[in-house]
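Written below as structure tokens is the structure these notes are about.
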Amino acid sequence: MVLSEGRIATAAASKYLQQLCKHFRHKVDVEFDAARGQVTFPFGVCWLEAREDELVMRCEAPDAEASERMQSVIAVHLERFAWREKAVVAWTPLSTPRAAAAR
């Protein structure tokens, strides 16, 4: 299992979380509210959390290729939605204990 975390600094974290989830729910399973979301892709799962000053995304994929695909799909959409802020997602790998504790 490959775990990663992406973050963008933004005061509009809840807005972007909801926008992403509403967009993805047309093709995949999605659950969300204003503060948290879960997007289940065929190639992995991404949990989103809107904080006061950032959006945090934790992803779990079966392998590195699926992880890179998920990160790309999420980042491309998020950067498009947050174009006014010139948002760029910074991804980092996670170890299993930290990722599991974050859910």
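A 4.5 Å side-chain heavy-atom check between Val88 and Ile8 finds every atom pair outside the cut-off. Counting only heavy atoms from C-beta outward, the side chains of Val45 and Cys59 never approach each other to under 4.5 Å. Between Gln18 and Phe32, some side-chain heavy-atom pair lies under the 4.5 Å cut-off. Side-chain contact between Met57 and Trp91 is present, with at least one heavy-atom pair separated by less than 4.5 Å. The closest side-chain heavy-atom distance from Gln19 to Leu17 is not below 4.5 Å. Within the 4.5 Å cutoff, no side-chain heavy atoms of Val2 are placed close to those of Pro62.
Taking 4.0 Å as the cut-off between side-chain N and carboxylate O, Arg51 and Glu49 count as a salt-bridged pair.
Of the inter-residue distances, the one linking Arg7 atom CZ with Thr92 atom OG1 reads 7.5 Å to the nearest 0.5 angstrom. Remark: Arg58 CZ to Leu94 CG distance equals 7.0 Å, nearest 0.5 Å. Atoms CZ and CD, from Phe43 and Glu65 in turn, are 11.0 Å apart once rounded to the nearest 0.5 Å. Going from atom CD of Gln38 over to atom CG of Asp33 covers 12.0 Å, rounded to the nearest 0.5 Å.
Minimum interatomic distance between Gly37 and Cys21 (heavy atoms only, all atoms of both residues): CA-SG, 4.2 Å.
With hydrophobic clusters built from ILVMFWY side chains whose heavy atoms lie under 4.5 angstrom apart, Val30 shares a cluster with Tyr16. In this structure, Val39 is not a member of the same hydrophobic cluster as Leu3, with clusters built from ILVMFWY side-chain heavy atoms closer than 4.5 Å.
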Full working for salt bridge (charged side-chain N to carboxylate O under 4.0 Å, His left out) between Arg25 and Glu31
CA-CA 8 Å; Arg25 77 176 170 191; Glu31 295 179 27; over 6 Å; no
Verdict with supporting geometry, Leu20 and Leu48, side chain to side chain contact (heavy atoms under 4.5 Å, CB included)
CA-CA 10 Å; Leu20 281 169; Leu48 301 98; 3.8 Å; yes
Determine all donor-acceptor pairs shorter than 3.5 Å in which one atom belongs to a side chain in residues 69-79; sequence neighbours excluded.
residue	atom	partner	partner atom	Å
Gln71	NE2	Ser4	OG	2.9
Gln71	NE2	Ser67	OG	3.2
His77	ND1	Val73	O	2.7
His77	NE2	His23	NE2	3.1
Glu79	OE2	Val89	N	3.2

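In the model, Glu85 has a side-chain atom that pairs as donor or acceptor with a side-chain atom of Thr10 under 3.5 Å.
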